[in-house]
Amino acid sequence: MATTRTLSRITKALLAPALALGATVGLASAPAHAAVWSSCDQWGNTTLNGYTLYNNIWGSGAGSQCVWANSGTNWGVWANHPNTGGIKSYPNTKKVVNKTISSIASLTSNYNVTVPSAGAYNTSYDIWDTDYDYEIMLWVNYNGAVGPLGTSQGSVTLGGHTWNVYKGNNGANEVFSFLRTSDSNSGTVNIKPILTWIANTKGWMSSNETIGDVQFGYEITSSSGGLDFITNNLTVSSS
């Protein structure tokens with residue numbers, strides 16, 4: 001099942017504060033974990049410690065979902081989406097970079113997550129340029145009936161991990177998907193070499209392209225009965 005994105009989804013995410021208007025999806029309440037902030041709003045969002053968190057229920061046929069946060073780097077989501085096809089949501093945290101690939105000296109991230117053994121989802125970075133022409137996805141783990149968009153480009157070892165690479169287009173932007181060859185719930189990703197490989201080695205985009213933000217979250221297709229996805233720690237550092 002391809003992880004197809006649409007321009008409307010991007011626009012909705014960008015306009016989340018204006019579109020929210022207090023709307024909620026379902027009647028589920030936030031888990032007791034929430035110490036600082038929680039939301040069950042479809043486009044619920046907040047900024048903590050320099051990170052922006054989004055509930056981001058964007059797909060059709062979605063169920064209930066609530067996000068909670070102790071900080072910008074420690075947060076989680078409870079989701080109860082039906083066992084049907086199509087991505088329902090991408091709850092995530094975002095760190096703004098706003099630098100060209102060539103001017104980035106370092107871009108790294110540490111992650112530590114607790115994810116369910118049931119359901120269909122991927123745990124992934126979603127990296128965008130400022131014009132939303134290019135999407136770079138880094139899947140660190142995935143479960144169930146999910147798959148990348150596009151065609152296989154072989155395997156490559158970059159940023160401390162070995163990935164199976166796919167290249168595609170969803171009609172709105174180019175999508176480069178890097179699927180880790182084995183699941184990982186914690187580690188460090190050196191993102192800069194991946195961006196350099198895409199631009200300089202493959203020529204798929206310019207090294208003058210400006211990377212707008214680095215997102216990290218859970219692309220959920222199904223989580224019937226309610227499942228917890230916990231980000232124990234996630235940091236993004238750039239220079």
Side-chain angles (χ1 to χ4, degrees), residues 3 5 9-82 86-96 109-116 118-128 137 139-144 146 185-186 213-236:
T3 58
R5 303 297 179 81
R9 172 240 162 170
I10 299 168
T11 304
K12 288 176 181 176
L14 291 172
L15 300 179
L19 293 175
L21 300 177
T24 60
V25 175
L27 300 175
S29 58
H33 317 46
V36 174
W37 174 79
S38 64
S39 177
C40 299
D41 289 358
Q42 182 176 10
W43 310 113
N45 64 91
T46 193
T47 299
L48 295 170
N49 318 112
Y51 294 82
T52 301
L53 294 119
Y54 288 102
N55 202 23
N56 197 22
I57 308 168
W58 67 270
S60 61
S64 301
Q65 178 176 295
C66 298
V67 63
W68 56 267
N70 293 318
S71 68
T73 60
N74 173 219
W75 60 279
V77 62
W78 175 89
N80 183 6
H81 296 301
I87 300 162
K88 310 302 191 301
S89 66
Y90 180 61
N92 70 87
T93 186
K94 178 181 77 173
K95 184 77 168 185
V96 174
S109 178
N110 297 308
Y111 64 92
N112 185 304
V113 302
T114 301
V115 291
Y121 63 88
N122 66 68
T123 303
S124 57
Y125 290 89
D126 207 8
I127 304 164
W128 293 91
M137 297 198 74
W139 295 23
V140 296
N141 63 54
Y142 44 100
N143 189 72
V146 295
N185 290 340
S186 64
D213 50 69
V214 175
Q215 303 170 13
F216 178 90
Y218 309 95
E219 195 170 51
I220 306 172
T221 293
S222 68
S223 53
S224 182
L227 298 175
D228 284 302
F229 302 79
I230 301 172
T231 305
N232 301 304
N233 186 57
L234 182 282
T235 59
V236 177

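Note that the structure is a prediction, hence the values are computed from the model and not measured.
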Value rounded to 0.5 Å, distance of CG in D41 from OG1 in T46: 11.5 Å
Considering all heavy atoms, the nearest P91-V77 contact: CG-CG1, 3.9 Å
Y125 vs L234, side chain to side chain contact (heavy atoms under 4.5 Å, CB included): CA-CA, chis, key distance, verdict: CA-CA 11 Å; Y125 290 89; L234 182 282; 3.9 Å; yes
CG-NZ distance between N56 and K94, expressed to the nearest 0.5 angstrom: 10.5 Å
Heavy-atom donor-acceptor pair, N143 side chain to G119 backbone, under 3.5 Å: yes
Criterion side chain to side chain contact (heavy atoms under 4.5 Å, CB included) on T231 and T93, from CA distance to verdict: CA-CA 10 Å; T231 305; T93 186; 5.8 Å; no
Pair T73, S71: side-chain N/O donor-acceptor within cut-off below 3.5 Å: yes
Donor-acceptor pair, side chain of S224 and main chain of P82, under 3.5 angstrom: no
Backbone of N122 reached by a side-chain donor or acceptor of E219 within 3.5 Å: no
Q65/S89 under side chain to side chain donor-acceptor pair (under 3.5 Å): CA gap, chis, key distance, verdict: CA-CA 9 Å; Q65 178 176 295; S89 66; 2.6 Å; yes
Where L48 and A69 come nearest, the two heavy atoms and their spacing: CD1-CB, 3.9 Å
Residue pair N141 / T123, side-chain donor-acceptor N/O under 3.5 Å: yes
Straight-line distance of I220 CD1 to K88 NZ, nearest 0.5 Å: 10.0 Å
Stepwise side chain to side chain donor-acceptor pair (under 3.5 Å) check, N233 with N112: CA-CA 5 Å; N233 186 57; N112 185 304; over 6 Å; no
Identified ring pair (Phe, Tyr, Trp, His ring centres under 6.0 Å) partner of Y121 from the options Y90, F229, W139: F229
Separation between OG of S64 and CH2 of W78, rounded to the nearest 0.5 Å: 5.5 Å
Y218 side chain reached by L227 side chain, heavy atoms, under 4.5 Å: no
Ring-ring centroid check Y54 W75, cutoff 6.0 Å: no
H81 backbone acceptor or donor facing S223 side chain under 3.5 Å: yes
Donor-acceptor pair, side chain of N80 and main chain of G225, under 3.5 angstrom: yes
Approximate separation, where rounding is to 0.5 Å, of W37 CH2 and N45 CG: 6.5 Å
Separation between CG of N74 and CG of N232, rounded to the nearest 0.5 Å: 6.5 Å
Residue pair Y111 / V140, side-chain heavy-atom distance below 4.5 Å: yes
